[in-house]
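Because only heavy atoms are used, hydrogens play no part in the values below, and waters and symmetry mates are left out as well, while side chains stay in.
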Amino acid sequence: MQERINKVVVIGAGAVGCSYAFAMVNQAVAEEIILIDKNEKKAEGEAMDLGHGVPFSPSSTIIRNGTYADCQNADLVVISAGLPQKPGETRLDLLDKNIKVFKFIVQNLLDAGFSGIILVASNPVDILTYAAFKVSGFPPERVIGSGTVLDSARFKYMLGQYLEVDARNVHAIIIGEHGDTELPVWSQASVGVESLDKVLRRRGDPNDREVLESIFNSVRGAAYEIIARKGATYYAIGLCLTRITRAIFNNENSILPVSCYLTGQYGQSDIYMGVPAVVSRSGIREIIEIDLNETEALQFAQSADVLHESIRSIRASVELIKNR
Ligand code: NAD
């Protein structure tokens with residue numbers, strides 16, 4: 001009997017796709033990783049380079065370049081393909097072009113008979129995940145966006161630095177759009193086994209509130225700051241995608257703020273947004289509705305308004321593919 005292996009296909013072997021593949025090899029999360037890129041030579045070169053590191057991986061991983069035929073028996077497809085914004089191009093123009101790329105990719109996945117989970121990283125992630133969901137006709141639990149997992153990681157890291165505790169002991173999340181309207185859920189933040197409020201009271205720093213506000217501003221502006229310095233962000237998202245993949249492949253039931261399709265939760269419907277959800281082998285097992293205070297609920301609704309606006313602008317093109 002052939003043993004069950006975890007196979008992932010990465011579509012878009014750019015900086016994000018390859019950082020993800022590198023983290024996957026390092027952490028030995030999958031037995032087989034296939035890279036696909038419209039630039040076939042690049043995918044081949046990246047697979048060769050990554051493969052040469054396999055002797056140092058905790059366990060053996062097959063890594064190679066491939067074609068859409070490889071998706072047929074894949075468990076997971078991670079989409080990190082995208083076109084960069086050109087000077088003078090609006091975000092809407094870029095969105096329009098990336099929707100076309102996504103239609104092409106999903107059409108190829110369907111033609112290959114892919115029946116696993118789609119995990120989207122390309123930006124704007126909530127909108128492109130929505131498009132992948134509509135175009136594929138897959139159940140929503142099998143179409144997931146990386147959501148605010150990265151933003152929440154940045155948040156934990158920066159709070160951990162300020163509070164001088166291990167970032168992994170900071171339980172605080174960012175929800176909403178992966179973008180300018182995202183929001184921190186201060187009301188539910190905790191450190192170790194204490195509420196953040198209690199920890200702050202004990203520290204007695206009179207500038208706490210301003211510092212926390214500036215930490216959130218740094219989280220929200222992190223991508224801009226990194227892009228201004230090095231042109232792109234990719235290592236941390238590679239690790240976030242690896243974390244989500246591990247939750248899926250190991251059936252961990254881990255709670256992660258991924259982009260999920262909402263059907264009434266948080267008062268929102270027909271939209272993908274970053275909210276805490278239980279991630280398991282079948283994808284999104286359950287969306288968790290945490291209590292938000294009045295300010296947070298209002299900010300969440302405003303974030304949803306912005307995403308609904310973008311969805312309206314693409315609805316015609318995603319419906320069109322659905323009815324092909
Ligand atoms: P990149 O330009 O380095 O890589 C993109 C790759 O996609 C290129 O290799 C390109 O050839 C390939 N590609 C384009 N069209 C394709 C198609 N039709 N089929 C297959 N491959 C195709 O860009 P990057 O830095 O790797 O970023 C990729 C995406 O990830 C961007 O949309 C970026 O905004 C996004 N991103 C998301 C997060 C997040 O938190 N979700 C974080 C960082 C970056």
Is there a side chain to side chain donor-acceptor pair (under 3.5 Å) between Asn6 and Arg281 once you walk through the steps? CA-CA 11 Å; Asn6 287 314; Arg281 183 80 207 185; 2.6 Å; yes

Distance-only side-chain donor-acceptor flag, Ser136 / Arg142, under 3.5 Å: no

Does the distance from a Lys or Arg side-chain N to an Asp or Glu carboxylate O, for Glu252 and Arg243, drop under 4.0 Å? yes

Can you confirm whether Ile11 sits close enough to Tyr68 that some side-chain heavy atom of one is under 4.5 Å from a side-chain heavy atom of the other? yes

Just by distance, do the side chain of Arg285 and the backbone of Val279 share a donor-acceptor pair under 3.5 Å? no

Evaluate side-chain contact (heavy atoms from CB on, under 4.5 Å) for Phe249 paired with Val8, printing each intermediate quantity in order. CA-CA 10 Å; Phe249 284 173; Val8 51; 4.3 Å; yes

Can you tell me how far CD1 of Ile248 sits from CG of Asp75, rounded to the nearest 0.5 angstrom? 9.5 Å

Any chance you could lay out the side-chain contact (heavy atoms from CB on, under 4.5 Å) test for Ile288 and Ile290, step after step, and finish with the verdict? CA-CA 6 Å; Ile288 296 175; Ile290 47 173; 4.1 Å; yes

Worked check of side-chain contact (heavy atoms from CB on, under 4.5 Å) between Leu292 and Tyr266: CA-CA 9 Å; Leu292 301 179; Tyr266 297 92; 3.9 Å; yes

Check: Asp208 side chain, Gly204 main-chain N or O, donor-acceptor pair, under 3.5 Å: no

Salt bridge flag under 4.0 Å for residues Arg209 and Asp197: yes

Enter the distance from Leu119:CG to Leu76:CG here, rounded to the nearest 0.5 Å. 5.5 Å

Is there a donor-acceptor pair closer than 3.5 Å between any side-chain N or O of Thr148 and the backbone N or O of Ile174? yes

Any heavy-atom pair between the side chains of His171 and Gln188 that's under 4.5 Å? no

With rounding to the nearest 0.5 angstrom, report the CG to CG distance, Asp205 to Leu200. 8.5 Å

Ser280 side-chain N/O to Asn251 backbone N/O, donor-acceptor pair under 3.5 Å: no

With Lys42 as partner, the option from Glu44, Glu46, Glu40 fulfilling salt bridge (charged side-chain N to carboxylate O under 4.0 Å, His left out) is Glu46

Plane angle bin for Phe216 and Phe155 - parallel if under 30°, tilted between 30 and 60°, otherwise perpendicular: perpendicular

Under-4.0 Å salt bridge between Asp270 and Lys134: yes

Closer than 3.5 angstrom, by distance alone: can the side chain of Tyr272 be matched with the main-chain N or O of Val143 as a donor-acceptor pair? yes

Going by side chain to side chain donor-acceptor pair (under 3.5 Å), Asp126 matches just one of Ser259, Ser310, Ser303. Which one? Ser259

May I ask you to check whether over 12 heavy atoms, not counting those of Lys230, lie within 6.0 Å of atom NZ? yes

Taken to the nearest 0.5 Å, the spacing of Glu294 CD from Ser187 OG works out to 12.0 Å

